[in-house]
A.B. asks: 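Questions regarding the structure given below will be posed in turn.
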Amino acid sequence: MQNNRFYITTAIPYVNAQPHIGFALELIQADAIARYRRMLGDDVRYVNGSDENALKNVRAAEKAGVSVQDFVDEHAKRFQELSDPQVLNISNDDFIRTTEERHVRGAQKLWGACKAEDIYKKTYEGLYCVGCEEFKTPKELVDGLCPEHKTAPESVSEENYFFKLSNYGTQLLELIESGKLAILPNSRKNEITSFIREGLVDFSISRSVARAKGWGIDVPGDPSQKMYVWFDALTNYITALGYADDAELFQHYWKENDQRVHLVGKGVTRFHAVYWPATLLSAGLPIPSTLLVHGYVTVDGEKISKSLGNGIDPYAAVEQYRTDVVRYFLLREIPSGEDGDFSFEKLKARYAGDLANGLGNLVQRTLVLAQTKIGDTFTWDLPEDHRSEHWKLVHADEEYHAAFQEFRLHDAVADVWKKIATVNQYINEEKPWALQNTEEQRKVLLQATGMIVHITWLLQPFMPETAQSIFKLFGIEPIKELTSDTVLHIEKGEGLFPRLS
């Protein structure tokens, strides 16, 4: 099956607290990939959403003294609004809530689609971390605490339904090692294959109604049980496409599509690389093609999380520095598959060095020089034989595309900034303001303009609003290359990145 369809999702966050900058990173990374694929002409669908059936949401609502439904409604709205153009400017096509009827019906359908022999009921006793919404084995704990949430798990004993994960170890290993389920970066792939080789243990896929406090999706045919939140939540990737009704979107982007991509944080890799594909295999459905795993955003080396209470509000960051500045910083500063540290000091330094003095200065001085030496309106008629080595460097895009394919978004951004430096160097060397020959002046400025337009095209996945502004300043629609009949209409405007006070 070969087509240009591309389906990408993010993990859906619990809505028990306000969003933090770590989740903003995930949204922005997925958005950059979605915008890049659209830029290539692919048929893209990008979905995010909210996980609302967790026990931690119930407890947070109880603590707040409101109904669970009112609580998740309020908090889901806050997560949904992150995608707004004035916040993170995320180009998602849908937002799926796991309390929606389309999701409830789809999760119950998937339960029923799994092989009968893969689901069984038994009494279980274990240690449950509410933060992870997962049973932990003693060897996974550090000094008796969950290493992720720094809390002691609760001892739980009850009768639940279990999924025979142990049936799928060999098949999952073959899929991962063959690349049919690609996991990037490679270090995450190695972690998962090691985990599978240790032997997979069947996992609980339901909770008693009493322990779930009546909240969640009913297990089909058993009113005493609610679905385990992970079994229900992972299903969102297909319920958002209309799996419940076998809708056209489900056919188009899941069943008949080669590229089914999940972008998730490293803390939930196991659920997405093991539990989710095993469930799909049991139900006779295609598995994801690719799992992209990002690291954590840290503050002073500590993971940002709602449970630790050290989150940075993405709304506040955007209000202070603007959407594209925050997008740029997170994509450039945080290595895509690894941890990276956030601080407003680093953000301010990137703003001054990379944006104001780098990209902003390049665009502004080229605009002013072109307007002064050529005019407000002119045709871009640069002779092909006048294109320099700098031109060739700017138009060499192999590293940019390879970085996207290999989930190295930070390297793709860095490549664009190498090109920006190249054009700045070209202008400094040619000194068009000092040339006496007006034709030579014109050729230098046309070449600089052509290189900036190409850079702006490549900038679109990362800083879409800034790219649009640059195209507008040159009086053209978004275009990859200028041609001999392109007419530019230079507009006067404020600098792209004003100096910070």
A.B. asks: Walk me through whether Thr323 and Asn89 qualify under side chain to side chain donor-acceptor pair (under 3.5 Å).
C.D. replies: CA-CA 7 Å; Thr323 296; Asn89 197 10; over 6 Å; no
A.B. asks: For Gln460, give me all partners under side-chain hydrogen bond (donor to acceptor under 3.5 Å, both in side chains), at least two apart in sequence or on another chain.
C.D. replies: none
A.B. asks: State, with a plain yes or no, whether a side-chain heavy atom of Asp218 is found less than 4.5 Å away from one of Gln108.
C.D. replies: yes
A.B. asks: Might you work through the side chain to side chain contact (heavy atoms under 4.5 Å, CB included) test for Leu281 and Leu175, ending with a clear yes or no?
C.D. replies: CA-CA 11 Å; Leu281 290 170; Leu175 289 165; 4.0 Å; yes
A.B. asks: On the 0 to 90° scale, with breaks at 30° and 60°, tag the Tyr253-Tyr7 ring pair as parallel, tilted or perpendicular.
C.D. replies: tilted
A.B. asks: Of all residues at least two apart in sequence or in a different chain, which pass the side-chain hydrogen bond (donor to acceptor under 3.5 Å, both in side chains) check with Gln251?
C.D. replies: Asp246
A.B. asks: What residues form a salt bridge (Lys or Arg N to Asp or Glu O under 4.0 Å) with Lys180, not counting sequence neighbours?
C.D. replies: none
A.B. asks: Quick one: are Leu263 and Phe407 in side-chain contact, heavy atoms under 4.5 Å?
C.D. replies: yes
A.B. asks: Evaluate the criterion salt bridge (Lys or Arg N to Asp or Glu O under 4.0 Å) for residue pair Lys122 and Asp202; output intermediate values, then yes/no.
C.D. replies: CA-CA 11 Å; Lys122 73 171 184 177; Asp202 298 351; over 6 Å; no
A.B. asks: Is the distance between the ring centroids of Tyr161 and Tyr120 under 6.0 Å?
C.D. replies: no
A.B. asks: Give, for atom CG of Asp42 and atom CG of Asn4, the distance between the pair rounded to the nearest 0.5 Å.
C.D. replies: 5.0 Å
A.B. asks: Report the residues that fulfil ring-ring contact (aromatic ring centres under 6.0 Å, His included) with His294, sequence neighbours left out, ordered by chain and then residue number.
C.D. replies: none
A.B. asks: Answer yes or no: are there more than 12 heavy-atom neighbours, outside Lys63 itself, under 6.0 Å from its atom NZ?
C.D. replies: no
A.B. asks: Under the salt bridge (Lys or Arg N to Asp or Glu O under 4.0 Å) criterion, do Lys348 and Glu345 qualify, and how do the steps go?
C.D. replies: CA-CA 5 Å; Lys348 189 172 182 178; Glu345 291 76 16; over 6 Å; no
A.B. asks: Considering only residues two or more places apart or on different chains, which pairs with a residue in residues 276-297 satisfy salt bridge (Lys or Arg N to Asp or Glu O under 4.0 Å)?
C.D. replies: none
A.B. asks: Looking at Arg97 and Asp51, is any side-chain nitrogen of the basic one under 4.0 Å from a carboxylate oxygen of the acidic one?
C.D. replies: no
A.B. asks: Kindly say whether the aromatic ring centers of His75 and Phe79 come within a distance under 6.0 Å.
C.D. replies: no
A.B. asks: Between Glu117 and Lys164 (salt bridge meaning N to carboxylate O under 4.0 Å), is one present in this structure?
C.D. replies: no
A.B. asks: Could you tell me if the side chain of Val201 sits less than 4.5 Å from the side chain of Ser166, heavy atoms only?
C.D. replies: no
A.B. asks: Is the shortest side-chain N to carboxylate O distance from Arg78 to Glu74 below 4.0 Å?
C.D. replies: no
A.B. asks: With Phe329 as reference, evaluate Phe342, Tyr351, Phe344, Phe462 under the ring-ring contact (aromatic ring centres under 6.0 Å, His included) test and give the passing residue.
C.D. replies: Phe342
A.B. asks: Consider only side-chain N and O atoms of Ser50 and Glu52, and report whether a donor and an acceptor are under 3.5 Å apart.
C.D. replies: yes
A.B. asks: Could you tell me whether Asp324 and Arg350 make a salt bridge, using a distance below 4.0 angstrom between a side-chain N and a carboxylate O?
C.D. replies: no
A.B. asks: Any side-chain heavy atom of Leu285 within less than 4.5 Å of one from Phe250?
C.D. replies: yes
A.B. asks: Is a side-chain N or O of Thr298 found less than 3.5 angstrom from the main chain of Gly340, in a donor-acceptor match?
C.D. replies: yes
A.B. asks: If the condition is side-chain hydrogen bond (donor to acceptor under 3.5 Å, both in side chains), which residues does Thr290 pass it with, not counting sequence neighbours?
C.D. replies: none
A.B. asks: I'd like to know whether Thr123 forms a side chain to side chain donor-acceptor pair (under 3.5 Å) with Glu159, so could you lay out the CA-CA distance, the side-chain angles of the two residues, the decisive distance to 0.1 Å, and finally the verdict.
C.D. replies: CA-CA 4 Å; Thr123 299; Glu159 188 176 45; 4.5 Å; no
A.B. asks: What residues, two or more places apart in sequence or in another chain, satisfy salt bridge (Lys or Arg N to Asp or Glu O under 4.0 Å) together with Arg35?
C.D. replies: Asp31
A.B. asks: If a pair satisfies side-chain hydrogen bond (donor to acceptor under 3.5 Å, both in side chains) and one of its residues is in residues 403-418, list it, with sequence neighbours excluded.
C.D. replies: Ser336-His410, Glu399-Arg408, Glu406-Arg408, Arg408-Asp411
A.B. asks: Any salt bridge between Arg102 and Asp245, counting N to O under 4.0 Å?
C.D. replies: no
A.B. asks: What residues, two or more places apart in sequence or in another chain, satisfy side-chain hydrogen bond (donor to acceptor under 3.5 Å, both in side chains) together with His103?
C.D. replies: Asp232, Thr239
A.B. asks: Can you find a pair of side-chain heavy atoms, one from Tyr400 and one from Pro461, that are under 4.5 Å apart?
C.D. replies: yes
A.B. asks: Mind telling me whether Trp230 and Tyr14 have parallel, tilted or perpendicular rings, with 30° and 60° as the class edges?
C.D. replies: perpendicular
A.B. asks: Please, which pairs that meet ring-ring contact (aromatic ring centres under 6.0 Å, His included) have at least one residue in residues 183-211, sequence neighbours excluded?
C.D. replies: Phe163-Phe203, Phe203-Tyr275
A.B. asks: If you measure from the Lys or Arg side-chain nitrogens to the Asp or Glu carboxylate oxygens, is any gap between Arg5 and Glu256 under 4.0 Å?
C.D. replies: yes
A.B. asks: Classify the ring geometry of His401 against Tyr36: parallel below 30°, tilted from 30° to 60°, perpendicular beyond 60°.
C.D. replies: tilted
A.B. asks: For Ser208 and Glu158, what are the C-alpha separation, side-chain angles and deciding distance, and is it a side chain to side chain donor-acceptor pair (under 3.5 Å)?
C.D. replies: CA-CA 7 Å; Ser208 69; Glu158 66 181 15; 2.9 Å; yes
A.B. asks: Please report the C-alpha distance between Thr10 and Asn48 in whole Å, then the side-chain angles of each, then the deciding distance to 0.1 Å, and finally whether the side chain to side chain donor-acceptor pair (under 3.5 Å) criterion is met.
C.D. replies: CA-CA 5 Å; Thr10 59; Asn48 52 37; 4.8 Å; no
A.B. asks: Would you say that Tyr168 contacts Asp118 through its side chain, given a criterion of any heavy-atom pair below 4.5 Å between the two side chains?
C.D. replies: yes
A.B. asks: Indicate yes or no: does Arg59 engage Glu62 in a salt bridge with an N to O separation below 4.0 Å.
C.D. replies: no
A.B. asks: Please report the shortest heavy-atom distance between Lys255 and Pro286, naming the atom on each side.
C.D. replies: CA-CG, 4.1 Å
A.B. asks: Could you give the distance from CZ (Phe231) to OG (Ser206), rounded to the nearest 0.5 Å?
C.D. replies: 10.0 Å
A.B. asks: Hydrogens and angles aside, do Thr9 and Arg260 bring a side-chain donor and acceptor to less than 3.5 Å of each other?
C.D. replies: no
A.B. asks: Identify which one of Leu292, Ile8, Leu331, Leu330 satisfies the side chain to side chain contact (heavy atoms under 4.5 Å, CB included) criterion when paired with Gln29.
C.D. replies: Leu331
A.B. asks: Within the supplied structure, the quantity of interest is the number of heavy atoms (other residues, nucleotides, ligands) at a distance under 6.0 Å from Lys77 NZ; does it exceed 12?
C.D. replies: no
A.B. asks: Kindly indicate whether a cation-pi arrangement holds for Lys109 with Tyr243, taking the cut-offs as under 6.0 Å to the six-membered ring centre and within 45° of the axis.
C.D. replies: yes
A.B. asks: With a 4.5 Å heavy-atom cut-off, do Pro277 and Leu181 have their side chains touching?
C.D. replies: yes
A.B. asks: Report yes if the side chains of Val325 and Leu347 come closer than 4.5 Å at any heavy-atom pair, otherwise no.
C.D. replies: yes
A.B. asks: Mind checking salt bridge (Lys or Arg N to Asp or Glu O under 4.0 Å) for Glu174 and listing every partner two or more places apart, or none if nothing turns up?
C.D. replies: none
A.B. asks: Going by the rule salt bridge (Lys or Arg N to Asp or Glu O under 4.0 Å), which residues pair with Glu319 if we only count those two or more places apart in sequence or in a different chain?
C.D. replies: none
